[in-house]
Peer 1: 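Here it is, the structure, as structure tokens.
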Amino acid sequence: MRFYLPLSLILPAHLVAAKNQSDVIIIGAGPAGMSAAKTLLERDPSITITILEATDRIGGRVKTVQLGDSRVEMGAEEHYDSKGGNPVYQALTAAYPGIYEDAFPGSVVYAMPSDSDPSMASPEDTCGTITYGANAGVPKNCADDLAWENFIGIWDWYWKPSRFQKNTTQSIEFALSQSRDFFKGIEDYDDTRGWFLYNSEFGSEYATTVDKMGAHDTAVQDFQWPFSENIFYNTNNLGYSDVLKDTWWDDTISAATVALKLNCPVTGINTPGTTGPVEVIANEESYYANHVIVAVPIGVLKASIDLDSEVQPGDPGYISFSSELPDDTKQAITDIGFDQGLKAVFKFDRKLSTCEDSNPWWVTAVGGEVGLMVMNGMSGGWAWPANYKDGSSDDVFMTFIMGDNARDLSKLSDVDMIQQIMMDLDAMFDGTPASDCFTNDPANYVIQNWGKSPYTRGAYSFPTPTTVDDGGEAEVGNARARLQNPVGDGRIFFAGEGTSLTMSATVPGAVFEG
């Protein structure tokens, strides 16, 4: 169960004899922090709230930017309908009728590894879930590929927690390698092609790699997934942060009792004694409140408790706790996964002399509409057209690269990173359709590297082999549930997508937790 802030126990701010005093301090102005502030105001409009945000904007890992004629998402992008009581859908459809449509249609194209060079895609092995004719750019149907056929069988078979006995050392990688007794034909898992498929789907879904994910843990969590499949905006002039800001956040931060402090990274939380106000230190200034809600990413919490981490006190994103966190809280943070992730979005130009195409390059390369590309190589990850919104005319294309691949790409300069991504896209098809239609200039791309940001230190949370220690119920023995427990004698609370038992890694999950 969630622990709700007992407003009846909050002392009025005037009883706290200190500067920068408020009833509640919220650390982090992402969806969870903003939702917490909104909820508190709805329960008591007179409550005083200070929001301390490390960056220069609100929104956290919801971030919308302009590229070409479209607003594009550099952070959270997936939306879901009303199933599961999704508050985001309810609010946005009320404010913007007709804003949503089903996920964009088209073939899912897989850059299957080459037998001669397993680290690269092979155009002759690239396959699609929809083929557009023998003379199209991708004539091979994935259904005719044994590795892909086996993968689909495993994907359908996997999502039952009863398949797995609880084993704190069992990753998805291990479970799949041992699953031959359950599914005939999985022998190719150990081959490069099998690994590529399983890691691209299981790992990429959670912004990590399958050797880090818990087999039982992931099945338990996804078996209780409450939401629908993805839906998307259908208008090119609005983004996720735009509509949340307009619908919820502007009203919250404009409230007379709310003080929002941007560019105000928290470096310390002090809890002297067992009662009385908590001191929060940001920009070498002290703020005081009777309760504190810590709504920062799991990656920041991990860096702040890991004595072996390269991040040290005083470094950006490190939060020191004067009273050591309880062992159970530290173990909960350790048991929740959090890995690297970056997005790179590109604006292509079909009018370039090297391109001169009447269609976006991906339509020409595949022979028809594309819903998703599963890439290979150093930039292996997901890629999709971002020009599906009504009113979009520019050829905008998004890539999302996770886990070890994101870590490797992060070692490159932006220019070299973009060149590598173009090489990996080109390797999927005959010719060089992507790079022919692109000019490597900062005006034509945007990169958001969440792993390199000191105030996120990764993409979003995932289940490790030690996240769920239970008998099949997400609420029992769950590290996320343990992190919901208040600390500091009931004065400090944690909230975010990482504390959501069944909706982690989503904006609605963060909103519910706030």
Peer 1: So which heavy atom on Val62 is nearest to which on Ala76, and how close?
Peer 2: CG2-CB, 4.1 Å

Peer 1: Is it the case that the side chain of Thr208 and the backbone of Ser204 share a donor-acceptor pair, with hydrogens and angles ignored and the cut-off at 3.5 Å?
Peer 2: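 Between the backbone of Ser204 and the side chain of Thr208 there is no qualifying donor-acceptor contact (under 3.5 Å).
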
Peer 1: Measure the CH2-NZ distance between Trp225 and Lys83 for me, rounded to the nearest 0.5 Å.
Peer 2: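 If we round to the nearest 0.5 Å, Trp225:CH2 and Lys83:NZ are 10.0 Å apart.
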
Peer 1: Please tell me whether Asp242 and Thr64 have a donor and an acceptor in their side chains that are separated by less than 3.5 angstrom.
Peer 2: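 On atom types as modelled, these side chains do not qualify, holding no pair under 3.5 Å.
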
Peer 1: Rounded to the nearest 0.5 Å, what's the gap from CZ on Arg457 to CZ on Phe338? Could you check?
Peer 2: 10.5 Å

Peer 1: Is Glu229 atom CD crowded by more than 12 heavy atoms from other residues, nucleotides or ligands, each under 6.0 Å away?
Peer 2: no

Peer 1: Heavy-atom count around Glu369 CD within 6.0 Å, excluding the residue itself: above 12?
Peer 2: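 No, not enclosed.
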
Peer 1: Distance-only, no hydrogens or angles: does the Asp408 side chain make a donor-acceptor pair with backbone N or O of Met378 under 3.5 Å?
Peer 2: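 No, Asp408 side chain to Met378 backbone: no donor-acceptor pair under 3.5 Å.
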
Peer 1: If I compare all heavy atoms of Leu352 with all of Cys437, which pair ends up nearest, and what's the gap?
Peer 2: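 Here Leu352 and Cys437 meet closest at CD1-C, 3.5 Å.
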
Peer 1: Quick check on Lys302: does its NZ atom have over 12 non-hydrogen neighbours (other residues, nucleotides or ligands) under 6.0 Å away?
Peer 2: yes

Peer 1: Check Asp357 with Arg350, please: is the shortest side-chain N to carboxylate O separation under 4.0 Å?
Peer 2: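 No salt bridge links Arg350 with Asp357.
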
Peer 1: Please examine the side chains of Tyr110 and Asp125, heavy atoms only from C-beta on, and report whether any two atoms are closer than 4.5 Å.
Peer 2: no

Peer 1: Residues two or more places apart in sequence or in another chain: which of them pass side-chain hydrogen bond (donor to acceptor under 3.5 Å, both in side chains) with Lys63?
Peer 2: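 If we apply the side-chain hydrogen bond (donor to acceptor under 3.5 Å, both in side chains) test to Lys63, skipping adjacent residues, the hits are Gln448.
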
Peer 1: Do Arg61 and Glu497 sit within salt-bridge range, that is, some charged N less than 4.0 Å from a carboxylate O?
Peer 2: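 Salt bridge: yes.
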
Peer 1: Do Ser410 and Asn449 have side-chain N/O donor and acceptor atoms under 3.5 Å apart?
Peer 2: yes

Peer 1: Under 4.5 Å between any side-chain heavy atoms of Ile27 and Glu53, yes or no?
Peer 2: no

Peer 1: Looking at every heavy atom in both Pro123 and Asp430, which two are closest together, and how far apart are they?
Peer 2: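 For Pro123 versus Asp430, the nearest heavy atoms are CB-OD1, 3.5 Å.
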
Peer 1: side-chain hydrogen bond (donor to acceptor under 3.5 Å, both in side chains), that's the test. Do Glu124 and Thr126 meet it? Break it down for me.
Peer 2: CA-CA 6 Å; Glu124 61 268 22; Thr126 296; over 6 Å; no

Peer 1: So Phe494 and Gln484, side chain to side chain contact (heavy atoms under 4.5 Å, CB included) or not? Walk me through it.
Peer 2: CA-CA 6 Å; Phe494 296 96; Gln484 294 173 3; over 6 Å; no

Peer 1: Look only at the side chain of Ser107 and the backbone of Thr129, and say whether a donor-acceptor pair between them is shorter than 3.5 Å.
Peer 2: yes

Peer 1: Check whether the ring centres of Trp384 and Phe397 lie less than 6.0 Å apart, and answer yes or no.
Peer 2: no

Peer 1: Carefully, step by step, assess Asn376 and Met112 under the rule side chain to side chain contact (heavy atoms under 4.5 Å, CB included).
Peer 2: CA-CA 7 Å; Asn376 204 339; Met112 300 295 282; over 6 Å; no

Peer 1: Dump the intermediate steps for side chain to side chain contact (heavy atoms under 4.5 Å, CB included) on Leu262 and Arg57, then the final yes or no.
Peer 2: CA-CA 7 Å; Leu262 297 177; Arg57 62 179 185 86; 5.7 Å; no

Peer 1: For the backbone of Gly75 and the side chain of Lys343, can you confirm whether one donor and one acceptor N or O come within less than 3.5 Å of each other?
Peer 2: yes

Peer 1: Specify the closest pair of heavy atoms between Asn405 and Gly380, including all atoms of both residues, with the distance to one decimal.
Peer 2: ND2-O, 2.9 Å

Peer 1: Does the side chain of Leu483 reach to within under 4.5 Å of the side chain of Ile333, using non-hydrogen atoms?
Peer 2: yes

Peer 1: Under the disulfide (SG to SG under 2.5 Å) test, which residues partner Cys264, sequence neighbours left out?
Peer 2: none

Peer 1: Strictly distance-based, threshold 3.5 Å: is any side-chain N or O of Thr456 a donor or acceptor partner for the main-chain N or O of Trp450?
Peer 2: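 Yes: the side chain of Thr456 pairs with the backbone of Trp450.
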
Peer 1: With the side chain counted from C-beta on, respond yes when Thr502 and Gln221 share a heavy-atom pair under 4.5 Å apart, and no when they do not.
Peer 2: no

Peer 1: Look at the side chain of Gln419 and the backbone N and O of Ile421, then say whether any donor-acceptor pair between them is shorter than 3.5 Å.
Peer 2: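 Flag not set: sc Gln419 to bb Ile421 has no pair under 3.5 Å.
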
Peer 1: With a 3.5 Å cut-off and no angle check, do the side chains of Thr48 and Thr257 form a donor-acceptor pair?
Peer 2: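 On atom types as modelled, these side chains do not qualify, holding no pair under 3.5 Å.
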
Peer 1: Can you confirm if the aromatic rings of Phe346 and Trp361 lie within a centre distance of less than 6.0 Å?
Peer 2: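 Here the rings of Phe346 and Trp361 have centres that are no less than 6.0 Å from each other.
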
Peer 1: What's the spacing between Ile51 CD1 and Leu260 CG if we round to 0.5 Å?
Peer 2: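 If we round to the nearest 0.5 Å, Ile51:CD1 and Leu260:CG are 5.5 Å apart.
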
Peer 1: Just how far is it from atom CZ of Phe438 to atom CD1 of Ile418, taken to the nearest 0.5 Å?
Peer 2: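 Answer rounded to 0.5 Å: 6.0 Å.
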
Peer 1: Picking from Tyr240, Tyr96, Phe227, Tyr89, what satisfies ring-ring contact (aromatic ring centres under 6.0 Å, His included) with His79?
Peer 2: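 Considering Tyr240, Tyr96, Phe227, Tyr89, a ring-ring contact (aromatic ring centres under 6.0 Å, His included) with His79 is found only for Tyr240.
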
Peer 1: Take Gln90 and Asn86 through the side-chain hydrogen bond (donor to acceptor under 3.5 Å, both in side chains) test and state the conclusion after the steps.
Peer 2: CA-CA 7 Å; Gln90 296 169 3; Asn86 178 6; over 6 Å; no

Peer 1: Rounded to the nearest 0.5 Å, what's the gap from OG on Ser200 to CE on Met402? Could you check?
Peer 2: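 Between Ser200 OG and Met402 CE, I get 8.0 Å after rounding to 0.5 Å.
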
Peer 1: Quick one: closest heavy-atom pair of Leu67 and Tyr445, and the distance?
Peer 2: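 Looks like CD1-N, 4.3 Å.
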
Peer 1: Return the CD to OG distance between Gln420 and Ser413, rounded to the nearest 0.5 Å.
Peer 2: 11.5 Å

Peer 1: Could you tell me whether the side chain of Thr439 reaches within less than 4.5 Å of the side chain of Asp349, counting heavy atoms only?
Peer 2: no

Peer 1: If you define the side chain from C-beta out and look only at heavy atoms, does anything of Ser22 sit under 4.5 Å from Tyr287?
Peer 2: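 Ser22 does not reach Tyr287 side chain to side chain.
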
Peer 1: Examine distances only and state if a side-chain atom of Arg43 and a backbone atom of Leu40 form a donor-acceptor pair shorter than 3.5 Å.
Peer 2: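 Here the side-chain-to-backbone pair does not exist.
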
Peer 1: Salt bridge check, Lys212 against Asp404: does any charged N sit closer than 4.0 Å to a carboxylate O?
Peer 2: yes

Peer 1: Of the non-hydrogen atoms in Pro316 and Tyr455, which two are nearest, and what is the gap between them?
Peer 2: CB-OH, 3.7 Å

Peer 1: Does Asp217 use its side chain to pair, donor to acceptor, with the backbone of Pro463 at less than 3.5 Å?
Peer 2: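 No; judged by distance alone, with no hydrogens or angles, the pair does not exist.
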
Peer 1: Yes or no on side-chain hydrogen bond (donor to acceptor under 3.5 Å, both in side chains) for Ser461 and Arg480, after CA distance, side-chain angles and deciding distance?
Peer 2: CA-CA 10 Å; Ser461 66; Arg480 301 181 190 278; 2.9 Å; yes

Peer 1: Are Thr50 and Val24 packed together at the side-chain level, in the sense that at least one heavy-atom pair is separated by less than 4.5 angstrom?
Peer 2: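 No, their side chains stay 4.5 Å or more apart.
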
Peer 1: Could you walk me through whether Ile25 and Leu52 pass the side chain to side chain contact (heavy atoms under 4.5 Å, CB included) test, one step at a time?
Peer 2: CA-CA 7 Å; Ile25 291 173; Leu52 303 176; 3.9 Å; yes

Peer 1: Is the shortest distance from a Lys or Arg side-chain nitrogen in Asp251 or Lys38 to a carboxylate oxygen in the other one below 4.0 Å?
Peer 2: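 Between Lys38 and Asp251 there is no salt bridge, as every charged N stays at least 4.0 Å from the carboxylate O atoms.
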
Peer 1: State whether the side chain of Asp436 and the backbone N or O of Cys355 hold a donor-acceptor pair below 3.5 Å, judged by distance alone.
Peer 2: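 Checking the backbone N and O of Cys355 against the side chain of Asp436, no donor-acceptor pair under 3.5 Å is found.
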
Peer 1: Is there a side-chain contact between Asn263 and Thr55 (heavy atoms, below 4.5 Å)?
Peer 2: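 They are not in side-chain contact.
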
Peer 1: Are Thr209 and Asp211 close enough that a side-chain donor and a side-chain acceptor fall under 3.5 Å?
Peer 2: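 Result is yes, a qualifying pair exists.
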
Peer 1: Any side-chain to backbone donor/acceptor pair from Thr499 onto Ala495? Under 3.5 Å, distance only.
Peer 2: no

Peer 1: Using a distance-only test with no angle check, is there a side-chain donor-acceptor pair under 3.5 angstrom linking Thr432 and Asp426?
Peer 2: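 No, Asp426 and Thr432 have no side-chain donor paired with an acceptor closer than 3.5 Å.
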
